[in-house]
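As a basis for the values below, the full set of heavy atoms in this structure was taken, side chains included, without hydrogen atoms, waters or symmetry mates. Position 1 is the first residue of the sequence; numbering continues from there.
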Amino acid sequence: MSEKLKIAIQKSGRLHDNSIRLLKECGLSFDNGNDQLKIEATNFPLEIMFLRNSDIPQYVEDGVTDIAIIGQNLLVEKDKGIEEILKLGFAKCRLSIAVPKLVKYTGPSWLDGKKLATSYPNTLKKYLDRNNIKAEIHEISGSVEIAPNIGLAEGICDLVSSGSTLFRNRLKEVEVILDSEACLAARHGLNEKKNALLDKLVFRMKSVLASKNNKYVLLNAPNNKLEKIKKIIPGIKSPTIMPLAEKGWSSVHSVINENAFWEIIDQLKENGAQGILIIPIEKMIV
Ligand code: AMP
């Protein structure tokens with residue numbers, strides 16, 4: 001029987017839909033409609049297991065699965081023999097310390113001698129040790145944000161994305177101790193065949209992620225501005241430049257990064273670019 005790579009993804013919850021979408025965008029065919037715990041891709045040697053988020057690092061460490069899509073927060077907290085391979089750009093959040101809104105927070109030393117509730121005791125302990133703070137850690141598994149209101153703790157350490165849960169519970173975020181997003185993680189010591197399959201999957205994921213972060217741009221520019229425009233949109237190797245039917249003008253094609261999108265468009269306009277078209281890229285092989 002030929003070797004298969006086994007991947008764990010979240011059974012239900014925040015990471016589930018994006019994990020499935022990413023695997024499908026990587027060209028993998030599978031039917032995930034029947035609530036099964038384990039399915040196989042029909043066009044790639046990959047077995048997909050749907051597991052409880054917090055159990056995933058243990059399953060990977062034990063070799064039940066080889067790789068996983070999980071939050072970096074969990075990877076750091078569980079600190080198992082698995083390593084981050086690729087950041088995936090979704091489920092962005094931060095692990096933060098928050099205290100009641102009315103507290104006069106003076107800096108990390110305020111935490112000295114306080115009781116902090118969290119589901120992330122290991123990550124919090126490392127932060128406290130690094131900063132020489134002696135605080136009591138009270139581990140709870142859920143609804144951490146209510147702890148100060150019911151007198152269980154004087155502060156919390158929990159995941160925050162929009163901050164609305166903190167706001168609703170009259171808490172304020174005072175220290176960010178970890179920035180997190182979903183990542184692909186793998187067990188150490190995969191055999192050669194599994195490593196080769198992992199390389200293939202990572203290559204596909206990188207192409208999908210690069211296409212999301214980049215746009216194809218076409219524009220018309222006066223020839224005397226081409227040198228400047230080439231510097232603004234250098235593209236992957238260099239832009240394509242073709243003469244227009246109208247004398248003294250060229251068409252320029254290139255790729256631009258989503259992060260600096262509007263700044264680049266402004267610079268192009270300042271340099272005489274006209275008729276700018278932006279087109280999504282489906283896959284980008286770099
Ligand atoms: P779930 O089990 O559905 O609550 O998903 C938890 C995972 O989603 C965490 O381990 C994080 O990686 C990620 N996440 C992103 N934003 C948040 C947030 N505001 N609160 C909790 N988890 C978050």
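In this structure the side chain of L218 never reaches within 4.5 angstrom of the side chain of V252, judged on heavy atoms. Counting only heavy atoms from C-beta outward, the side chains of S251 and L219 never approach each other to under 4.5 Å.
Checked for salt-bridge contact, D179 and R94 miss the test: no charged N lies under 4.0 Å from a carboxylate O. Using a 4.0 Å cut-off between charged side-chain N and carboxylate O, E61 and K78 make no salt bridge. Ionic pairing of K215 and E258 is present here: one or more N-O contacts between side-chain nitrogen and carboxylate oxygen are shorter than 4.0 angstrom. Checked for salt-bridge contact, K134 and D112 miss the test: no charged N lies under 4.0 Å from a carboxylate O.
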- [ ] List the steps and the verdict of side chain to side chain contact (heavy atoms under 4.5 Å, CB included) for K172 and F167.
- [x] CA-CA 7 Å; K172 62 180 174 188; F167 183 79; over 6 Å; no
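Linking ILVMFWY residues whenever their side-chain heavy atoms come closer than 4.5 Å, directly or via other members, places L197 and L23 in the same cluster. Under a hydrophobic clustering in which Ile, Leu, Val, Met, Phe, Trp and Tyr are joined whenever their side-chain heavy atoms come within less than 4.5 Å, directly or via other members, L190 and L75 fall into different clusters. Tracing side-chain contacts under 4.5 Å through hydrophobic residues (I, L, V, M, F, W, Y), one reaches L22 starting from I67; they form part of the same cluster. V217 and I229 fall within the same hydrophobic cluster, defined by Ile, Leu, Val, Met, Phe, Trp and Tyr side-chain heavy atoms under 4.5 Å apart, directly or through other members. Both L178 and L159 are assigned to one and the same hydrophobic cluster, defined by single-linkage of ILVMFWY side chains at heavy-atom distances under 4.5 Å.
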Check residues 261-282 and write down every donor-acceptor pair under 3.5 Å in which the side-chain atom is one partner and the other belongs to a residue at least two apart or another chain.
from : atom 1 : to   : atom 2 : distance (Å)
N271 : ND2    : Q267 : O      : 2.9

All N/O donor-acceptor pairs, side-chain side in residues 137-157, below 3.5 Å, sequence neighbours left out:
from : atom 1 : to   : atom 2 : distance (Å)
N149 : ND2    : N169 : O      : 3.3
E154 : OE1    : K115 : N      : 2.8

Enumerate, atom names and distances included, each donor-acceptor pair closer than 3.5 Å involving a side-chain atom of residues 121-130, sequence neighbours excluded.
from : atom 1 : to   : atom 2 : distance (Å)
N122 : ND2    : E77  : O      : 3.1
N122 : ND2    : E77  : OE2    : 3.3
T123 : OG1    : E77  : OE1    : 2.5
K125 : NZ     : D129 : OD2    : 2.6

Contacts table for residues 221-228: side-chain donor-acceptor under 3.5 angstrom, sequence neighbours left out:
from : atom 1 : to   : atom 2 : distance (Å)
N223 : OD1    : S250 : N      : 3.4
N223 : OD1    : S250 : OG     : 2.6
E227 : OE2    : K230 : NZ     : 3.1

For residues 233-243, which side-chain donor-acceptor pairs fall under 3.5 Å, sequence neighbours excluded?
none

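Remark: side-chain polar atoms of Q10 are paired, donor with acceptor, to backbone N or O of L15 under 3.5 angstrom. Judged purely by atom type and a 3.5 angstrom limit, D62 has no side-chain atom pairing as donor or acceptor with the backbone of V64. The closest donor-acceptor contact from the side chain of E175 to the backbone of I97 lies at 3.5 Å or more, if one exists at all. N18 places no side-chain N or O within 3.5 Å of a backbone atom of F90 that could act as its donor or acceptor partner. At distances below 3.5 Å, at least one donor-acceptor pair connects side-chain atoms of H16 with backbone N or O atoms of K11.
Applying the salt bridge (charged side-chain N to carboxylate O under 4.0 Å, His left out) rule to K87 yields the partners E84; only residues at least two apart in sequence or on another chain are considered.
A cation-pi arrangement is present between K114 and W110, with the terminal nitrogen or guanidinium carbon under 6.0 Å from the aromatic centre and inside a 45° cone about the axis.
Separating the CG atom in L201 from the CG atom in L184 is a distance of 6.5 Å, to the nearest 0.5 Å.
A salt bridge (charged side-chain N to carboxylate O under 4.0 Å, His left out) with D66 holds for exactly one of K6, R187, K193; it is R187.
Considering every non-hydrogen atom in both A186 and V60, the closest pair reads C-CG1, 4.4 Å.
Under a cut-off of 6.0 angstrom, the local environment of CG in N191 is crowded, with over 12 non-hydrogen atoms contributed by other residues, nucleotides or ligands.
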